[in-house]
Q: 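First the structure, which I've put down as structure tokens, then a few questions once you've had a look.
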Amino acid sequence: MNLTEYEVKACPSTIYYVPNFVSREEETQILQAVSRAPKPKWTQLSNRRLLNYGGIPHPKGMVAETIPQWLDQFVERVNRLDVFEPGTKANHVLVNEYLPGQGIMPHLDGPLFYPTITTISCGSHTVLEYFDQMETEPTKAVGKAGGALVRHCIARLLIEPRSLLVVKNDMYHRYLHGIQEQDHDVIDDRIVNLVTAEADGGAKIGDVLPRSTRLSLTIRHVPKTTKMKIKLF
């Protein structure tokens, strides 16, 4: 696969969006495998729950764990795309489960990871938004040392089931990404990859898409690993 054919050119550098990266049968396998994960392995957050495979990233180093075989085949498929630097392979998968109405606040993924993120989506669609964040001029009010932070949405992407998203360069380092907490999405002309979706027989402007349960498999490389147990506290 030549990723350059899938570059989303309507947003800053660099995003690749690949529809149908996994088949419907593979999507079902993923959903079933995740549903069998033991309850204690899940981490429950206020707005979603998640699973770590390959270890738990930590500033002192990730204690590397074997990625299960059902998941490793998709990690290897991503590795064959050579999205990381030569000799670097993905060694960690974060599985996020989003129920309808759940999302995630705009954020950066930070320095624990190699600055390329790949995500396979299963189940439901979602709309991923990217923001530029700037500080306004300081106010003259007493006690106000700095200005306010203002976010401006610079891109919205329709993330369809079975797709692959690859994010690097400025879109990784500079722009925050998040998902609004809502149970449906209205498709409009702000979706920068809409041409790709329409060409695949997917959504078009004016559609209202109800969300269902979505799983995102974020496959990435954690540079700092260790075989020793880490004292976290």
Side-chain angles (χ1 to χ4, degrees), residues 1-23 26 30 50-96 104 106-122 126 128-133 154-155 157 159-160 162-179 192-193 196 215-230 232:
M1 177 186 294
N2 183 2
L3 265 186
T4 59
E5 298 177 3
Y6 297 92
E7 183 176 355
V8 180
K9 297 183 185 268
C11 64
S13 178
T14 308
I15 282 183
Y16 304 103
Y17 178 77
V18 184
N20 297 310
F21 184 72
V22 299
S23 67
E26 290 171 328
I30 292 170
L50 56 85
L51 295 165
N52 279 281
Y53 289 104
I56 299 178
H58 189 271
K60 294 182 179 179
M62 181 179 76
V63 179
E65 301 173 355
T66 302
I67 293 175
Q69 187 174 1
W70 69 264
L71 183 54
D72 191 56
Q73 61 179 309
F74 302 107
V75 174
E76 287 306 309
R77 190 177 302 179
V78 167
N79 281 332
R80 288 196 292 271
L81 298 176
D82 293 327
V83 295
F84 307 104
E85 65 184 13
T88 299
K89 302 293 184 182
N91 60 358
H92 180 262
V93 183
L94 179 67
V95 178
N96 277 290
I104 186 168
H107 66 285
L108 296 174
D109 283 330
L112 289 183
F113 310 102
Y114 182 87
T116 295
I117 294 296
T118 69
T119 301
I120 296 172
S121 292
C122 297
T126 198
L128 183 64
E129 297 182 319
Y130 280 84
F131 298 87
D132 198 359
Q133 181 168 279
I154 58 100
L157 287 95
I159 308 300
E160 299 163 297
R162 300 176 297 282
S163 66
L164 174 72
L165 182 72
V166 180
V167 181
K168 57 196 311 181
N169 300 328
D170 276 354
M171 291 302 279
Y172 180 93
H173 291 288
R174 175 178 174 183
Y175 298 104
L176 289 74
H177 59 282
I179 297 171
V192 295
N193 64 327
T196 303
L215 293 180
S216 66
L217 281 62
T218 299
I219 300 170
R220 51 194 169 185
H221 176 73
V222 178
K224 190 174 181 179
T225 62
T226 178
K227 296 181 180 179
M228 304 295 292
K229 290 188 179 293
I230 302 171
L232 299 179

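Residue numbers count from 1 along this sequence.
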Q: Which heavy atom in Ser216 sits nearest to a heavy atom in Thr119, and how many Å separate them?
A: CB-CG2, 3.8 Å
Q: Please report the interatomic distance OH(Tyr53) to CG(Leu217), rounded to the nearest 0.5 Å.
A: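 Answer for the OH-CG pair, Tyr53 versus Leu217, is 9.0 Å.
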Q: Applying side chain to side chain donor-acceptor pair (under 3.5 Å) as the test, list every pair that has at least one member in residues 81-91; sequence neighbours left out.
A: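 Every side chain to side chain donor-acceptor pair (under 3.5 Å) pair that includes a residue of residues 81-91, provided the two are not neighbours, is Glu85-Thr88.
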Q: Take Ile56 and Val63, measure what side chain to side chain contact (heavy atoms under 4.5 Å, CB included) needs, and give me the verdict at the end.
A: CA-CA 7 Å; Ile56 299 178; Val63 179; over 6 Å; no
Q: Find the distance between CD1 (Ile15) and CG (Asn193) and round it off to the nearest 0.5 Å.
A: 8.5 Å
Q: Would a distance-only check, ignoring hydrogens and angles, find a side-chain to backbone donor-acceptor pair under 3.5 Å from Arg220 to Leu94?
A: no
Q: Between Lys224 and Pro59, is there a donor-acceptor pair closer than 3.5 Å when you use the side chain of the first and the backbone of the second?
A: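 Such a contact is found between Lys224 side chain and Pro59 backbone.
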Q: Mind checking the CD1-OG1 spacing from Ile219 to Thr116? Nearest 0.5 Å is all I need.
A: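 Ile219 CD1 to Thr116 OG1: 13.0 Å, rounded to 0.5 Å.
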Q: Tell me the closest heavy-atom pair linking Pro57 and Asn52, and the distance in Å.
A: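 Taking every non-hydrogen atom into account, CD-OD1, 3.7 Å.
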Q: Using a 3.5 Å cut-off and no angle test, enumerate the donor-acceptor pairs between side-chain atoms of residues 164-171 and protein atoms at least two apart in sequence or in another chain.
A:
{"residue": "Lys168", "atom": "NZ", "partner": "Val83", "partner atom": "O", "Å": "3.4"}
{"residue": "Asn169", "atom": "ND2", "partner": "Ser13", "partner atom": "OG", "Å": "3.3"}
{"residue": "Asn169", "atom": "ND2", "partner": "Thr14", "partner atom": "OG1", "Å": "2.7"}

Q: Is there a donor-acceptor pair closer than 3.5 Å between any side-chain N or O of Tyr172 and the backbone N or O of Gly110?
A: yes
Q: Is any side-chain heavy atom of Met1 closer than 4.5 Å to a side-chain heavy atom of Leu81?
A: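 Met1 reaches Leu81 side chain to side chain.
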Q: Rounded to the nearest 0.5 Å, what separation is found between the CG atom of Leu176 and the CD1 atom of Ile154?
A: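 Here the interatomic distance stands at 10.0 Å.
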Q: When rounded to the nearest 0.5 angstrom, what distance separates CD in Glu160 from OH in Tyr17?
A: 3.5 Å
Q: Let me confirm one number: the CG-CD1 distance from Leu215 to Ile120, rounded to the nearest 0.5 Å.
A: 11.5 Å
Q: For Phe84 and Tyr114, take the angle between the two ring planes, folded into 0 to 90°, and tell me which bin it lands in: parallel under 30, tilted 30 to 60, perpendicular over 60.
A: perpendicular
Q: Using distance alone, with no hydrogens and no angle criterion, decide if His177 and His107 have a side-chain donor and acceptor under 3.5 Å apart.
A: yes
Q: Do Pro12 and Tyr175 touch side chain to side chain, with heavy atoms closer than 4.5 Å?
A: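 A side-chain contact under 4.5 Å exists here.
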Q: Under 30°, 30 to 60°, or over 60°: which ring-plane class applies to His92 and Phe113, parallel, tilted or perpendicular?
A: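 Aromatic pair His92/Phe113 classed tilted.
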